[in-house]
Amino acid sequence: MKELSRKRILVTGGAGFLGSHLCERLVAQGHDVLCVDNFFTGTKDNIAHLLDCANFELMRHDVTFPLYVEVDEIYNLACPASPIHYQHDPVQTTKTSVHGAINMLGLAKRVKAKIFQASTSEVYGDARIHPQTEDYWGHVNPVGPRSCYDEGKRCAETLFMDYRRQHGLDIRIARIFNTYGPRMHPADGRVVSNFVMQALSGEALTVYGDGSQTRSFCYVDDMIDAFIRLMNLPEYAGGPVNLGNPHEVTMLQIAQRIVDMTGSSSTIEFRPLPIDDPWHRQPDITRATELLAWKPVTSLDMGLEKTVHYFSVRLREARHAEHARGLEAGQASQSSQPFSV
Ligand code: NAD
Ligand code: UDP
Ligand code: UDP
């Protein structure tokens, strides 16, 4: 007999950055966690520490194919999230968001599970209102290089709302704003991982455009706290909820902060701004604060310190491993950048 408080929880994309932190938290709470991932951007390393837990199970599976399991809750996180990863195979990105959502919603319908969608602030596109509230419909290019991600996530939201209206599913939609922290992929091209890796390697920090564009960065622990609160809400009307940290900074400010924090000698180098790069992004989290009694508690400095520590340890390990391989091959490597995409 299953204990009432112990739930069977499926996390798709569970070997990724956010997914691995979510699995860790749910395992610690004593739930039976099934992590499903195709390892496109996630890695076994991210969840290696959970593999020996009796209440954790890992399944290699691509959510664009049907999945038949018995669970009480589903967190649907599967989807590459960084621009270089989601633009690598844009057709697969749209399929993951759309076919993945249909399959997970079909599964939720069959087993009567509650289902959570990891949506994104990208549904607002290059927003014309600031900060962004949930009732803003967005300003998205449907045919640009970011569209596979933005429109895929918008269509997934539509599917979630229609499964609720048409089939009465219990859904939760989180619009996640930029989140950072340990276990981000070191070569995913996102701004925090790029700047920290560049600063630690003594390379120039690559600021795109003039660096005056803004983002609002949320530390991963705060975000996971919000995910679980949203899923656990007993009553919920179904609409999307912005989750993020409203503290807004320019890319130049964050570059400077990371250089100072790491004591790096890196300079700042300006590069062209990518196509359709949103200009400003800041969540209005009034709805989340009221619904979830939640607000982020980790300051940017505190979160960056933890992130810098994580990447410096990884960099040291990777250099040792490369050095050892070089010695084995009779030649020590000189490379200062051991990670690649
Ligand atoms: P991530 O790339 O680290 O994690 C995504 C995971 O999904 C990876 O483990 C990947 O291997 C897996 N995956 C991709 N395609 C799959 C498929 N077809 N089948 C099974 N698994 C698949 O990214 P993340 O930052 O952890 O993002 C997790 C979710 O949160 C994504 O849905 C993303 O869109 C959303 N999100 C993240 C942020 C952020 O700032 N981190 C912001 C907005 C939204
Ligand atoms: N599905 C799944 N697991 C299940 C139930 C359904 O992966 O346990 C998939 C199945 O591939 C189906 C999709 O979810 O195509 C949508 O299911 P739904 O019942 O909503 O629609 P239908 O089966 O009528 O297409
Ligand atoms: N960016 C930058 N240098 C980098 C990587 C990103 O200046 O090395 C900028 C990018 O142009 C964008 C912001 O940082 O304006 C955030 O980029 P990221 O890819 O992290 O997230 P997103 O654009 O999806 O919010």
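Order of listing sets the numbers, starting from 1, for every ligand and every atom in it. Quick note: residue numbers are just sequence positions, from 1.
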Considering only non-hydrogen protein atoms, determine which one is nearest to [atom] and report residue, atom name and distance to 0.1 Å.
| atom | result |
| --- | --- |
| atom 4 (C) of ligand 2 | Tyr68 CE2, 3.3 Å |
| atom 2 (C) of ligand 2 | Leu67 O, 3.5 Å |
| atom 5 (C) of ligand 1 | Cys79 O, 3.2 Å |
| atom 17 (O) of ligand 2 | Gly106 CA, 3.4 Å |
| atom 8 (O) of ligand 2 | Arg110 NE, 2.5 Å |
| atom 26 (O) of ligand 1 | Leu18 N, 2.8 Å |
| atom 24 (O) of ligand 2 | Lys109 NZ, 4.9 Å |
| atom 15 (O) of ligand 2 | Asn103 OD1, 4.3 Å |
| atom 17 (C) of ligand 1 | Asn38 ND2, 3.3 Å |

Numbered atoms and elements of ligand 1 in range of [X], under 4.0 angstrom, heavy atoms:
| X | result |
| --- | --- |
| Asn178 | 40 (O) |
| Gln92 | 18 (N) |
| Lys153 | 31 (C), 32 (O), 33 (C), 34 (O) |

Ligand 3 contact on Thr206 by region, counting heavy-atom pairs under 4.0 Å: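 Within the 4.0 Å criterion, Thr206 contacts ligand 3 through backbone and side-chain atoms alike.
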Location of contacts on Pro278 toward ligand 3, heavy atoms closer than 4.0 Å: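 For Pro278, there is no contact with ligand 3 at all, from either part.
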N or O pair under 3.5 Å between Phe65 and ligand 2: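 No.
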cation_pi(Lys109, Tyr163) dist<6.0 Å, angle<=45: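 Ring-cation test returns no.
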4.0 Å heavy-atom contact, Glu122 with ligand 3: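 The answer is yes: ligand 3 sits under 4.0 Å from a heavy atom of Glu122.
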Close approach of Tyr163 to ligand 2, heavy atoms, under 4.0 angstrom: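 The answer is yes: ligand 2 sits under 4.0 Å from a heavy atom of Tyr163.
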Aromatic plane relationship, Phe177 with Tyr124 - under 30° parallel, 30 to 60° tilted, over 60° perpendicular: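 The rings of Tyr124 and Phe177 sit tilted, inter-plane angle from 30° to 60°.
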Atoms in ligand 2 flagged as close to Ile102, the criterion being non-hydrogen separation under 4.0 Å: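 With Ile102 as reference, the close atoms of ligand 2 come out as 13 (C), 14 (O), 16 (C).
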